[in-house]
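Since the model is a prediction, treat every value here as computed from it, not as a measurement. Just so we're on the same page: letters track the sequence lines, and every chain starts at 1.
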Number of protein chains: 2
Amino acid sequence: MTELAVFGDPYQGTRPPTRRRGGLADDVVLYVREQILTGALKPGTKIDQEALAAALDVSRSPIREALVILGQEGLLDLIPRRGAVVADLTPEDIVDHYELFGVVGGRAAAIAADTLGEDEIEQLRAIHERFVDGTSDDLSALNWAFHRIINRTAPRRTRWLLRLLERSVPADYYEFTDGWDAQAVQHHAAILEAIVDRDPDEARRRMEHHLHESGVAAVAHLERQGFWED
Amino acid sequence: MTELAVFGDPYQGTRPPTRRRGGLADDVVLYVREQILTGALKPGTKIDQEALAAALDVSRSPIREALVILGQEGLLDLIPRRGAVVADLTPEDIVDHYELFGVVGGRAAAIAADTLGEDEIEQLRAIHERFVDGTSDDLSALNWAFHRIINRTAPRRTRWLLRLLERSVPADYYEFTDGWDAQAVQHHAAILEAIVDRDPDEARRRMEHHLHESGVAAVAHLERQGFWED
DNA sequence: CAAACGACCTTTGTATACAAAATTAAAAAT
DNA sequence: ATTTTTAATTTTGTATACAAAGGTCGTTTG
């Protein structure tokens, strides 16, 4: 894909940015995170640096940097001098995480209700329309775009935390849960309404509710997938 | 200090644990974070890995791991292939950060109001008494102990986030602000009351308010210290 | 037979070495 | 004189080498 192709992309700004390629450590993070969040790496499993390095065909340097990042995200427990272990990730953790997502995202929604420009509200409405419509092939991208418009008005530190919370949890999975889209449409509609009404408190409550339910859906989905089997 | 001394320590559990010594990277993190949060390292300053390594007399390996951690904390901007730069830290960032602390700590307080055992409430009251009294030499430790009892009942992920938020912000400074202790006593009393009343919603509101005011105090203190001069 | 000790092996943490990108400085061209 | 190009230098990212702590397993000792 060339740089120029972006200008013709109808999804402009409705999609997570294709991460500007950093170093090998980023790749390792992506790989290991995926392994953990899909359940391929079970809690308690020790990460052998040398083995991982060999498997991904890189040296231990980027491996170690990746482990530090995943440790900061809470996905690994880093015990000095005895290595990294996959952290527990119980249903309670998932629910808790989405609840946190809720209070932080709720804050963003409240701010959005206060500060979003009319033009941005119009964008939000347009995206929501397409989401309701459901004919779009990429509902996940539309969902992301909806939240993005709300979140990007939040102050810097709040945006930072939202990005952090977004990364370190199973996502993009529950979105295909049966009936989830219908529920999400309802939630989004309610949030949009509160924002249009310039009602920050209601926007916050509804965003909290939305993310709480998303957490429940995520747990249900993971359970169905056998994430906690064996 | 020997291990055994702990058993005779009257401050048992009222003090942040003296970090179990990890690797050199931890030391570097502590050092650089201190430099940033005291204003010695101004936003925009580039971190020269080699120079830092030389200054701290370690190799670049632990330096790089430290920079990754500080990047995750949002104190550094890590730009691939061109190094680490001290991130902006405006008054708005500080306020925002404490506001986030508020919503997360508020959640913890709400949970505490619901789930704290009578014995723990008694501990909380005892600590608060000593805090009110003010004769203790270490008000900061008592303040920390108060919050700790509340926070440790929170679920795992919430505790993780609280620790993260606690680290990456100027703290322990505003505590010596003129009049802050008096205000904190008021706030703590109100929070304690809500917990005793088993009123989660009020506990949350009051904790949010407490941390909001703490943020304002922190900014005022930093401004007075000339943190944003030059 | 169980617990404790110790030699051996493995794995982590740190330092150093090397390759490639980015920055700087100098030279050439407009 | 200013801008562009190109060569030299610095600095990052990655790989490898080395030292020390941790773990293992067999032996010894009570």
Novice: Does a distance-only test, which skips hydrogens and angles, find a donor-acceptor pair under 3.5 Å between the side chain of A:Arg60 and the base of C:dG13?
Specialist: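 Counting by modelled atom types and ignoring angles, a donor-acceptor contact under 3.5 Å is found here.
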Novice: Any idea which heavy atoms bring B:Glu208 and B:Gly106 closest together, and the distance?
Specialist: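 Closest approach of B:Glu208 to B:Gly106, heavy atoms only: CG-CA, 4.5 Å.
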Novice: Provide, to the nearest angstrom, the distance between the CD atom belonging to B:Gln49 and the P atom belonging to C:dA15.
Specialist: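 Taking atom P of C:dA15 as the reference, CD of B:Gln49 is at 14 Å.
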Novice: For B:Asp57, does the CG atom sit with more than 12 other heavy atoms under 6.0 Å from it, leaving out its own atoms?
Specialist: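 Result for CG/B:Asp57: open.
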Novice: Between the side chain of B:Arg159 and the main-chain N/O of B:Ala154, is any donor-acceptor distance below 3.5 Å?
Specialist: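 Yes; at least one donor-acceptor contact below 3.5 Å.
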Novice: Under 4.0 Å, heavy atoms only, any strand: does B:Leu67 hit a base, just the sugar-phosphate, or nothing?
Specialist: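 If one applies the 4.0 Å heavy-atom cut-off, B:Leu67 turns out to touch nothing in the nucleic acid.
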Novice: Just to be sure I understand the rule, does B:Ile63 reach a base, reach only the sugar-phosphate, or reach nothing, if contact means heavy atoms closer than 4.0 Å?
Specialist: nothing
Novice: Within this structure, what is the CD1-to-P distance between A:Ile79 and C:dT11, rounded to whole angstrom?
Specialist: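 Rounding to the nearest Å, CD1 of A:Ile79 and P of C:dT11 are 16 Å apart.
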Novice: Determine the interplanar angle of the A:His210 and A:His188 rings, folded into 0 to 90°, and report it as parallel if under 30°, tilted if 30 to 60°, perpendicular if over 60°.
Specialist: perpendicular
Novice: Would you please confirm or rule out a distance under 4.0 Å between OP1 or OP2 of D:dT14 and any side-chain N or O of A:Ser59?
Specialist: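 False: A:Ser59 side-chain N/O out of range (4.0 Å or more) of D:dT14 OP1/OP2.
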Novice: What is the distance from CG of B:Asp48 to P of D:dT9, rounded to the nearest Å?
Specialist: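 B:Asp48 atom CG is separated from D:dT9 atom P by 18 Å.
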Novice: Under 4.0 Å between a side-chain N or O of B:Arg82 and OP1 or OP2 of C:dT23?
Specialist: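 For B:Arg82, the contact criterion (side-chain N or O under 4.0 Å from OP1 or OP2 of C:dT23) is met.
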Novice: Taking atom P of C:dT12 as reference, at what distance in whole Å does atom CZ of A:Arg81 sit?
Specialist: 11 Å
Novice: When you measure from the side-chain N and O atoms of B:Lys46 to the phosphate of D:dT10, is any distance below 4.0 Å, counting only OP1 and OP2?
Specialist: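 No, B:Lys46 has no side-chain N/O under 4.0 Å of OP1/OP2 on D:dT10.
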Novice: Once you measure the plane-to-plane angle for A:Phe131 and A:His128, does it fall in the parallel (<30°), tilted (30-60°) or perpendicular (>60°) bin?
Specialist: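 Tilted: the ring planes of A:Phe131 and A:His128 meet at 30° to 60°.
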Novice: Grab the CD-C1' distance between B:Glu65 and C:dA15 for me, whole Å please.
Specialist: 12 Å
Novice: Return the value, rounded to whole Å, for the distance between atom CG of B:Leu52 and atom P of D:dT10.
Specialist: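 Distance, rounded to whole Å: 19 Å.
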Novice: When the distance from CG of A:Leu56 to C1' of D:dT14 is rounded to whole Å, what number comes out?
Specialist: 14 Å
Novice: Whole Å only: how far is the CZ atom of A:Arg64 from the C1' atom of C:dT14?
Specialist: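 After rounding, the reported distance stands at 8 Å.
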Novice: Return whichever of B:Ser61 or B:Ile47 has its heavy-atom-nearest nucleotide of DNA chain D closer to the 5' end.
Specialist: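 The residue whose closest nucleotide sits nearer the 5' end is B:Ile47.
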